[in-house]
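Just so it is clear, the values below take in all heavy atoms, side chains as well, and ignore hydrogens, waters and symmetry mates. Proteins come first, then strands; the chains are lettered A, B, ... in the order of their sequence lines, and each starts at number 1.
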Amino acid sequence: APARPRPRVLLKAPTLAEMEEMNISEEEDSP
Amino acid sequence: MQVSVQRKEKDFQGMLEYYKEDEPLLIRNLITDLKPQTVSATVPCLPAYILYMCIRHADYINDDQKVHSLLTSTINGIKKVLKKHNDDFQLTSFWLANTCRLLHCLKQYSGDADFMTQNTPKQNEHCLKNFDLTEYRQVLSHLSIQIYQQLIKITEAILQPMVVSAVLENESIQGLSGVKPMGYRNRSSSMEDGDNSYSLHAIIHQLNTFHSIMSDQGLDPEIVQQVFKQLFYMINAVALNNLLLRKDVCSWSTGMQLRFNISQLEDWLRGKNLQQSGAAQMLEPLIQAAQLLQLKKKTSEDAEAICSLCTSLSTQQIVKILNLYTPVNEFEERVTVTFIRDIQMHLQERNDPPQLFLDFKHMFPVMFPFNPSSITMDSIHLPASLNLEFLSKV
């Protein structure tokens with residue numbers, strides 16, 4: 001029987017707000 | 001060389017590879033600096049397909065960090081563009097179309113059988129192999145709602161100033177303009193400086209502009225329909241609220257004009273195949289107000305006819321319009337207090353909430369129904385104008 005495809009790994013996503021914070025901190029870090 | 005290039009083209013599996021350090025360049029050239037006209041002659045939503053092909057390669061090499069980074073940068077890039085151009089209809093519509101298309105791609109190629117029913121066998125080969133991006137789809141859905149709300153805000157800001165003069169005051173039927181309510185020969189107060197008056201043609205031209213831009217950019221038809229349902233709700237609310245404040249437009253002749261102007265808007269909806277959108281139904285209160293202005297207002301039968309017709313107007317709105325009603329000449333009788341009492345008596349059992357003005361800022365919830373594409377990834381061509389030569393076809 002064909003090998004069952006491996007289950008896909010769920011990638012945890014930050015919320016839009018968390019992404020915004022990440023973005024702000026990146027912009028502050030960048031020179 | 002020639003053979004290897006041909007083989008390369010032949011073996012293109014619909015993925016795009018890039019070096020991690022090129023991600024900022026990808027986001028800049030494909031999102032933050034991209035002008036919609038750069039890709040106007042290509043397949044609609046090309047940026048969304050390119051982004052999906054990049055995600056797919058990162059999934060193919062099982063690099064979760066690369067997927068996280070690309071999706072986060074993509075979402076932040078789109079938010080950044082829209083924040084910077086928060087009054088640009090074309091750009092907002094463009095990114096609504098592309099964000100929805102990317103969302104549809106992540107579903108269509110998720111490997112989830114529910115989203116693959118319309119896939120070709122070739123498309124099923126282009127599914128993600130390693131990662132489940134359900135949570136990122138949720139984030140993209142939230143982003144789509146934000147972009148849609150910005151699009152509505154922009155379109156309403158453009159249309160709202162046009163509504164009263166174009167729909168309520170526009171004298172499209174020649175010859176009726178002489179038939180003005182007594183004491184209101186000149187145009188109404190809102191036309192102090194003529195330059196803020198718009199014709200019915202102007203508002204229909206604007207609706208056409210919105211419609212053609214959204215359609216050319218590949219925005220899902222279901223979303224285009226919701227945009228116009230929302231806009232026609234606003235048109236109805238602004239025009240009716242204005243009518244409920246002005247004696248000079250509560251007359252038989254304005255009723256006639258108004259009904260004609262609305263019929264032109266209804267024709268426009270039919271011409272754009274927007275009958276299913278629910279937009280025409282949004283005009284029902286205004287249609288009934290126009291008819292109320294034209295109906296006889298004397299006998300108890302007249303009162304019954306008005307009450308059975310004006311089902312989309314509240315009791316307060318019906319009474320207000322009758323109180324404001326102004327005969328066009330000395331031969332036409334005024335609406336009597338007795339008649340209005342009769343109306344109120346007929347409407348008593350309705351028990352409708354005391355509501356006079358409509359909330360023209362009300363926004364309906366938006367839905368993004370799944371809309372798979374028939375385009376296969378390996379048929380996508382990258383135009384040189386996008387400056388994405390650092391992407392390698394795989």
Enumerate, atom names and distances included, each donor-acceptor pair closer than 3.5 Å involving a side-chain atom of residues 362-375 of chain B, sequence neighbours excluded.
residue: B:Asn371; atom: ND2; partner: B:Asp220; partner atom: OD1; Å: 2.9
residue: B:Ser373; atom: OG; partner: B:Tyr49; partner atom: OH; Å: 2.8
residue: B:Ser373; atom: OG; partner: B:Ile375; partner atom: N; Å: 2.9

Checklist entry - Residue by residue, which of residues 110-121 of chain B have a heavy atom closer than 4.5 Å to a heavy atom belonging to chain A? => result B:Ser110, B:Gly111

Next on the checklist: Using only atom types and a distance under 3.5 Å, with no angle test, would you say the side chain of B:Ser73 pairs donor to acceptor with the backbone of B:Ser69?
Outcome noted: yes

Checklist entry - With sequence neighbours excluded, what pairs up with B:Tyr136 under the ring-ring contact (aromatic ring centres under 6.0 Å, His included) test? => result B:His68

Next on the checklist: Closer than 4.0 angstrom, basic N to acidic O: yes or no for B:Lys20 and B:Glu23?
Outcome noted: yes

Next on the checklist: So, using ring-ring contact (aromatic ring centres under 6.0 Å, His included) as the criterion, who are the partners of B:Phe390 when residues are at least two apart?
Outcome noted: none

Checklist entry - Contact part of B:Leu143 toward chain A, heavy-atom cut-off under 4.5 Å: side chain, backbone, both or neither? => result both

Next on the checklist: Which atoms of B:Gln146 are under 4.5 Å from chain A, going by heavy atoms: the side chain, the backbone, both sets, or neither?
Outcome noted: side chain

Item to check | Under 4.5 Å from a heavy atom of chain B, the part of A:Glu20 involved | outcome: both

Next on the checklist: Taking B:Asp59 first and then B:Lys66, would you say they form a salt bridge - that is, a charged N and a carboxylate O separated by under 4.0 Å?
Outcome noted: no

Item to check | B:Ser93 and B:Gln217: CA distance, side-chain angles, deciding distance, side-chain hydrogen bond (donor to acceptor under 3.5 Å, both in side chains) verdict | outcome: CA-CA 8 Å; B:Ser93 167; B:Gln217 290 173 342; 2.5 Å; yes

